[in-house]
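Inspection log for the structure reproduced underneath, given as structure tokens.
We use all heavy atoms of the structure for the numbers below, so side chains are in, but hydrogens, waters and symmetry mates are not. Residue numbers count from 1 along this sequence.
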Amino acid sequence: MRVISGNYGGRKLKSAPGENTRPTSDKVKESIFNIIGPYFDGGRCLDLFAGSGGLSIEAISRGMDHAVLVDNDSTAIKIIKENIEMTKETTKFDVYRSDANRAIEMLATKNSPFDLLFIDPPYFEQDVIKQLEKILSLNLLADKSVIVCEVGRKVDLPDEIGEAKQFRSTVYGASKLVLYEVFNEGAL
């Protein structure tokens, strides 16, 4: 695994050993950013199941200002922190060891909406719809934000979840990417 492009392009990323995390492949990561970017003029991103941190590090490398990474696995948190150290810009990242649902509640108290959301839960723990509904109800996303869901290829997500409208769905091997854009007039 590596950072594909931007300020950290070409730098290698570590991934957590074992089966608790499933890093997004470089091919899929490149596809994601070709669809949603490929580069950004600032903004904030949230990665709810950060794994190795590769998606958020890529987003910062491509111009996002700040990333919040959440994972419940202690080994993943250790790897995320090591990967962030590689950037030499650690102040651009906040890392939380937490269950995604608790993290959503905690982040809602900060009144600082996100422009980009990565939600890539373990395939056997998919609560994507409920989590997105909660995120939207708490106004955690800015207007015109983008949501990138990576789910199992057989998982069907609806065309709309609240203010989020699906604009792309693509299968890559065992994974499916489902992308939404949020038109949230109530966002901060």
Side-chain angles (χ1 to χ4, degrees), residues 20-22 24 32-33 36-37 40-60 62-81 83-84 87 89-151 155 157-168 177-188:
N20 289 341
T21 61
R22 177 188 27 78
T24 301
I32 290 169
F33 284 93
I36 66 171
F40 307 101
D41 188 19
R44 293 172 34 84
C45 73
L46 170 61
D47 191 344
L48 266 187
F49 299 88
S52 67
L55 289 171
S56 292
I57 292 170
E58 188 77 35
I60 296 295
R62 292 172 181 250
M64 282 270 161
D65 294 320
H66 194 80
V68 174
L69 298 88
V70 176
D71 206 288
N72 204 23
D73 184 84
S74 60
T75 304
I77 292 295
K78 180 179 181 283
I79 295 295
I80 290 166
K81 289 180 177 179
N83 285 335
I84 287 171
T87 70
E89 296 185 299
T90 58
T91 59
K92 292 186 175 189
F93 301 90
D94 289 327
V95 179
Y96 296 102
R97 181 172 181 212
S98 177
D99 167 83
N101 295 315
R102 283 193 308 270
I104 291 167
E105 293 289 338
M106 180 269 299
L107 292 167
T109 65
K110 297 193 180 287
N111 291 330
S112 192
F114 295 94
D115 303 288
L116 177 59
L117 167 64
F118 297 111
I119 187 164
D120 180 10
Y123 287 166
F124 57 88
E125 292 179 17
Q126 306 245 321
D127 262 342
V128 173
I129 296 170
K130 286 181 186 175
Q131 288 165 336
L132 287 178
E133 287 172 341
K134 186 73 167 174
I135 287 166
L136 291 164
S137 73
L138 294 171
N139 289 323
L140 273 173
L141 298 176
D143 189 33
K144 298 182 184 168
S145 58
V146 173
I147 301 168
V148 178
C149 303
E150 187 173 345
V151 295
V155 173
L157 294 177
D159 292 338
E160 295 183 14
I161 301 173
E163 301 88 14
K165 313 282 188 258
Q166 188 180 135
F167 68 90
R168 184 92 170 246
L177 290 178
V178 183
L179 289 87
Y180 292 89
E181 188 167 20
V182 176
F183 296 96
N184 182 4
E185 294 176 18
L188 299 175

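Every residue two or more places apart in sequence or in another chain that forms a side chain to side chain donor-acceptor pair (under 3.5 Å) with Asn101 is listed here: Gln131. Judged as a side chain to side chain donor-acceptor pair (under 3.5 Å), and not counting sequence neighbours, Lys130 has no contacts. Evaluation of the side chain to side chain donor-acceptor pair (under 3.5 Å) rule for Gln166 yields no partner, not counting sequence neighbours. When the salt bridge (Lys or Arg N to Asp or Glu O under 4.0 Å) test is applied to Lys78, the partners found at least two apart in sequence or on another chain are Glu82. With sequence neighbours left out, the salt bridge (Lys or Arg N to Asp or Glu O under 4.0 Å) criterion links Arg44 to no other residue.
Smallest separation of non-hydrogen atoms from Ala67 and Ser56: CB-CB, 3.9 Å. Asp120 and Phe49 make their closest contact through O-CB, 3.2 Å (heavy atoms, listed as atom of the first residue, atom of the second, distance). Across every non-hydrogen atom of Thr24 and Ile32, the tightest pair is CG2-CD1, 4.3 Å. Considering every non-hydrogen atom in both Leu116 and Ala59, the closest pair reads CD2-CB, 4.1 Å. Residues Val70 and Ala103 share a closest heavy-atom pair of CG1-CB, 3.7 Å.
Ring-plane geometry between Phe33 and Phe118 is classed as tilted, the angle between the planes lying from 30 to 60 degrees on a 0 to 90 degree scale.
The shortest side-chain heavy-atom distance between Val146 and Tyr180 does not fall under the 4.5 Å cut-off.
Salt-bridge annotation for Glu160 and Lys165: present, with a side-chain N of the basic residue lying under 4.0 Å from a carboxylate O of the acidic one.
Within the structure, salt bridge (charged side-chain N to carboxylate O under 4.0 Å, His left out) pairs that include any residue of residues 94-110 comprise Glu105-Lys134 (at least two apart or interchain).
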